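Since the structure is predicted, the reported quantities are computational estimates derived from the model, not experimental observations.
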Amino acid sequence: MGSGATAGQGPVNILGSIDALILAINNKDSAGILDGVKNVKAGADQITVAQSDVGGRLVRLDNMKSMIANNQNTLKTVFGDIQNVDYAKAGVLLSQQTTAFNAALSATSKLSQLSLLDYLK
């Protein structure tokens with residue numbers, strides 16, 4: 001394991017490990033070669049983990065882009081429906097609903113005025 005790796009890059013200094021391996025090969029240091037190969041393998045594993053992390057982040061980014069596009073389309077549709085309302089039709093519907101509401105209030109007030117004594121006459 002090499003030193004000098006910065007935070008977030010992993011514990012293996014990959015370039016330093018390759019330099020140490022080259023030096024060990026040039027000096028015919030078998031223990032250094034074994035350590036160098038082990039460190040280069042750990043560096044390759046570190047790169048694989050980093051690639052997986054970046055791939056996962058890209059997938060999440062693409063999903064967020066799709067969600068934003070869907071939300072924009074929904075909002076544009078809702079806005080278009082509000083903007084393109086038929087005011088005459090809306091006025092007629094409001095008038096009909098107001099008339100029905102007032103009729104219900106009137107019937108309720110007449111029923112609530114009756115008592116049991118009105119039926120006993």
Side-chain angles (χ1 to χ4, degrees):
M1 298 281 179
S3 63
T6 56
Q9 294 179 341
V12 178
N13 181 348
I14 297 170
L15 295 177
S17 296
I18 293 172
D19 288 340
L21 179 60
I22 291 170
L23 185 62
I25 290 171
N26 288 337
N27 293 334
K28 296 181 173 65
D29 178 14
S30 60
I33 292 172
L34 290 176
D35 283 343
V37 168
K38 184 171 49 169
N39 287 341
V40 169
K41 170 72 171 104
D45 292 341
Q46 182 176 308
I47 289 172
T48 302
V49 168
Q51 286 174 332
S52 298
D53 181 50
V54 170
R57 290 172 190 247
L58 286 173
V59 167
R60 287 194 302 270
L61 180 65
D62 287 340
N63 289 339
M64 291 298 115
K65 284 181 183 177
S66 297
M67 187 186 318
I68 288 171
N70 288 340
N71 287 345
Q72 285 177 338
N73 289 337
T74 302
L75 290 173
K76 285 178 184 177
T77 301
V78 168
F79 180 72
D81 290 345
I82 291 170
Q83 195 175 21
N84 297 329
V85 69
D86 183 5
Y87 290 108
K89 184 177 179 181
V92 168
L93 287 174
L94 178 63
S95 176
Q96 289 174 347
Q97 291 173 356
T98 302
T99 302
F101 179 70
N102 288 333
L105 285 178
S106 175
T108 303
S109 70
K110 287 180 183 177
L111 286 176
S112 66
Q113 291 174 357
L114 296 176
S115 70
L116 185 60
L117 295 174
D118 292 330
Y119 293 108
L120 295 176
K121 290 184 188 181

Quiz item: Do Phe79 and Thr77 have side chains that get closer than 4.5 Å, going by heavy atoms?
Solution: no
Quiz prompt | side-chain contact (heavy atoms from CB on, under 4.5 Å) partners of Leu34, counting only residues at least two apart | solution = none
Practice problem: Could you tell me whether the side chain of Asn39 reaches within less than 4.5 Å of the side chain of Leu21, counting heavy atoms only? | Solution: no
Quiz item: Do side-chain atoms of Ser95 reach the backbone of Gly91 as a donor and acceptor pair under 3.5 angstrom?
Solution: no
Quiz prompt | Set of residues satisfying side-chain contact (heavy atoms from CB on, under 4.5 Å) with respect to Leu23, sequence neighbours excluded | solution = Asn27
Quiz prompt | With Leu15 via side-chain contact (heavy atoms from CB on, under 4.5 Å) - residues at least two apart | solution = Asn13
Quiz item: Does the side chain of Ser17 reach to within under 4.5 Å of the side chain of Lys38, using non-hydrogen atoms?
Solution: no
Quiz item: Of all heavy-atom pairs between Ala24 and Gly32, which one has the smallest distance, and what is that distance?
Solution: CB-C, 3.6 Å
Self-check item: Spatial distance of atom CG (Leu75) from atom CD (Gln72) [nearest 0.5 Å]
Solution: 8.0 Å
Exercise. Find the distance between CG (Leu61) and OG (Ser66) and round it off to the nearest 0.5 Å.
Key: 9.5 Å
Practice problem: Hey, could you give me each pair passing salt bridge (charged side-chain N to carboxylate O under 4.0 Å, His left out) that has a residue in residues 51-63? Not counting sequence neighbours. | Solution: Asp53-Arg57
Quiz item: Of the non-hydrogen atoms in Gln46 and Ile14, which two are nearest, and what is the gap between them?
Solution: NE2-CD1, 4.1 Å
Quiz item: Linking I/L/V/M/F/W/Y whenever their side-chain heavy atoms sit closer than 4.5 Å, directly or via other members, would Val12 and Val49 fall into one cluster?
Solution: no
Self-check item: Test side chain to side chain donor-acceptor pair (under 3.5 Å) applied to Asp45 - qualifying residues, sequence neighbours left out
Solution: Lys41
Exercise. Quick one: pull up CG in Leu94 and NZ in Lys89 and give me the separation to the nearest 0.5 Å.
Key: 14.0 Å
Quiz prompt | Partners meeting salt bridge (charged side-chain N to carboxylate O under 4.0 Å, His left out) with Asp19 (sequence neighbours left out) | solution = none
